[in-house]
Structures are given as structure tokens and as C-alpha cells.
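Here the structure comes first, spelled out in C-alpha cells, and everything after it is commentary.
Here is the naming used below: chain letters follow the sequence lines, and residue numbers restart at 1 for every chain.
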Amino acid sequence: MEMRSPLGRVRGLGSAKDGVAHWWAQRVTAVALVPLTLWFVVSVVSLVGADYAAYKAWVGMQGNLVLLVLLIVILFHHTQLGLQVVIEDYVHGEAAKVVSLMVIKFTVVLLGASCVLAVLRVSFGT
Amino acid sequence: MKSGNRPLSPFLMYRPQFTSILSITHRLTGIALAAGTLLFTYWLTSASYGPEAFARAQALIGSVFGRLLLFGWTLALFYHLCNGIRHLAWDAGWGFELPRLKATGWVVIVVSITLTFLSWAAGYAVRGGA
């Protein structure tokens, strides 16, 4: 016997009332991070011991800047999604859970915005 | 909270196995990498404060302590990357048979260690050449 209402079935949100949005976003960001991470490791290796001028020249290149901004945004999004699951699994008090989830979200947005602005400043600065 | 005679989670019933250790390591490396974003942020933002601040960040990361941390993060990164691809394969419905599960687990371990050492060899080559 089908226990779900037709509306509930169409919405497909399940008991968490969230559907597969979180799960899917984690996968999409993971796939995007595979090439971005490999590119980043190669870049960091090329910047070992670099001075400011060398770093500025690197981040001043359009392709590097685009990939770096994408990496920052997607990396912090993926970090937030992952830490959220960890908190939901181990933090059981409702208040502690809501507060820690908020702290993680705010921290991630703060760090991500700081990184993007720093990278743009160096890239566009004189 | 009294839990009474309720069912136990699997991690309370089973002794650790190869697959379960790989699984918890994926989560632990994820948490470690999340902490690593603080260094990532420090490195990128230091440059926006000018050449001296960036030189300080580069010196800190290049110190013995900095390199130790970075080596650990490199290993964690490659493990999480390789095992993440393993997870994506499972999501696509591939690789659930026990022999394949164990084989891909070993591939993840060997490849992540290899990539870590290759990156560090390349890093030292760049540093030596400069």
C-alpha cells in the first residue's frame, strides 16, 4: 500500500523534507573539485618559494584567476556540505546543532569571501 | 537520556575492518582539510596585504613546522580526492562487490601516497632550481 500522498510523491522530499538536494550538491561540487584540485596542486608546486612579484604575475593571468576563484567558491561550498553532515551525525542537542551549523556556514562564507577579494585585489592591483 | 534496550549502531557492534577504516579516514581527512582551509585563506589573504606579508606567509609555510603540516595536508588531500572518486564510482553503481571494494581501497592508498611523494619531489625540484 502506498502510504505517501500523491503530492508528497511528486515533491519527492522524503522525511528530511530536503530531497536529494544536499546529496546531489555534494556530488556535483566533488566532481568539479577533481580537476580544480589537481590544477591547484600543480600551481602550488610551481609557486614553491615564490616572492610576491612571482605570485602576482601568476594570479594576474586570466586563466589562473578564473580557476582560482572557481576553486575557492566550490571548495568552501563542498567544505560546508561535508561539515554539515558531520555535525548532523554527531551533535544531537537541537540548540547546539543549529548553532554549530550556523557557525560553520558563517565561517565558510567569511573565509570564502576573504579569499576571493584577496585574489581579485592582487590580480587587479597595480 | 536513557537508551534502554534499543538497537546499536554498526560501529558499536563490529570490530574495525579494512573497508570501515577507509570510510572513517575519508571523513577524518575531510575534517582535517576543512581546518586546512584556514592556512589556504591565510596564504591568499596575506598577498593582499603586500609583499612583506606574503613573504612572511611563504616563510612560515616553508619552515620545518609548516612543511610538516603541509605534508600531512597533501596526503589528506590526495586520499580524500582518490577515495572521493571511489565514492563517485559507487554512486554510479560500480564496485560494490567485496573483492573489488578491497582492491579499489588499496588502489586509493597506493595512488594517494604516490601522488603525495611525486608532488613533494616536484616541489623540492622547483625550490632547488630557484
Greatest number of non-hydrogen atom pairs under 4.5 angstrom with chain B, of A/Cys115, A/Ala30, A/Ser46, A/Gly82, falls to A/Cys115
Which heavy-atom pair separates A/Val45 from B/Ser119 by the least distance, and what is that distance? CG2-O, 3.7 Å
Chain B contact via A/Thr37 - side chain, backbone, both or neither, heavy atoms under 4.5 Å: side chain
So which bits of residues 97-108 of chain B come within less than 4.5 Å of chain A, counting non-hydrogen atoms only? none
Checking A/Ala50 against chain B: side chain, backbone, both or neither under 4.5 Å from a heavy atom? both
Within 6.0 angstrom of B/Arg27 CZ, more than 12 heavy atoms from elsewhere: yes
Residue B/Ala122 versus chain A: region with a heavy atom under 4.5 Å: both
Quick check on B/Leu115 against chain A: is it the side chain, the backbone, both or neither that has a heavy atom closer than 4.5 Å? neither
Are the side chains of A/Leu47 and B/Trp43 in contact, using a 4.5 Å heavy-atom criterion? yes
Does any heavy atom of chain A fall under 4.5 Å from the side chain of B/Phe78, the backbone, both, or neither of them? side chain
Do the non-hydrogen side-chain atoms of A/Val59 and B/Leu44 ever get within less than 4.5 Å of each other? no
Examine A/Leu111 and A/Phe106 and state if one hydrophobic cluster contains both, with Ile, Leu, Val, Met, Phe, Trp and Tyr joined whenever side-chain heavy atoms are less than 4.5 Å apart. no
When the 4.5 angstrom heavy-atom criterion is applied to A/Leu120 and chain B, the contacting part is neither
Can you get from A/Val44 to B/Tyr124 by hopping between Ile, Leu, Val, Met, Phe, Trp and Tyr side chains that sit under 4.5 Å apart? yes
Side-chain donor or acceptor of B/Gln58 paired with backbone N/O of A/Asp51 under 3.5 Å: no
How about A/Leu75 and B/Phe40: do any of their side-chain heavy atoms sit closer than 4.5 Å? yes
Counting heavy-atom pairs under 4.5 Å to chain A, which of B/Gly62, B/Gly123, B/Pro51, B/Gly30 comes out on top? B/Pro51
Top residue by heavy-atom pair count (under 4.5 Å) with chain A, among B/Leu33, B/Thr74, B/Thr37? B/Thr37
Distance check, rounded to the nearest 0.5 Å: A/Gln26 atom CD versus B/His87 atom NE2? 9.0 Å
Could you check whether any side-chain heavy atom of B/Thr41 comes within less than 4.5 Å of a side-chain heavy atom of A/Ile72, counting everything from C-beta outward? no
Is the CZ atom of B/Phe96 crowded by more than 12 outside heavy atoms at less than 6.0 Å? yes
Looking at chain A, which one of B/Asp91, B/Ile31, B/Leu38, B/Leu77 has the largest number of heavy-atom pairs inside 4.5 Å, strictly under? B/Asp91
Do A/Val116 and A/Leu70 share a hydrophobic cluster, counting only Ile, Leu, Val, Met, Phe, Trp and Tyr and linking them when any side-chain heavy atoms are less than 4.5 Å apart? yes
Look at the side-chain heavy atoms of Ile, Leu, Val, Met, Phe, Trp and Tyr, link any pair under 4.5 Å apart, and say whether B/Ile113 and B/Trp120 land in one connected group. yes
Is it the case that one hydrophobic cluster holds both A/Leu38 and A/Val41, taking links as side-chain heavy atoms less than 4.5 Å apart, direct or via other members? yes
Heavy atoms from other residues, nucleotides or ligands near CZ of B/Phe18 exceed 12 (cutoff 6.0 Å): yes
Is it the backbone or the side chain of A/Leu71 that comes under 4.5 Å from a heavy atom of chain B, or both, or neither? side chain
What part of A/Leu83 gets closer than 4.5 Å to chain B, counting heavy atoms only: side chain, backbone, both or neither? side chain
Just checking A/Trp23: does its CH2 atom have more than 12 heavy atoms from other residues, nucleotides or ligands closer to it than 6.0 angstrom? yes
Engaged part of A/Val86 at the chain B interface, taking heavy atoms whose separation is under 4.5 Å: both
How long is the gap from OG on B/Ser46 to OH on A/Tyr55, to the nearest 0.5 Å? 7.5 Å
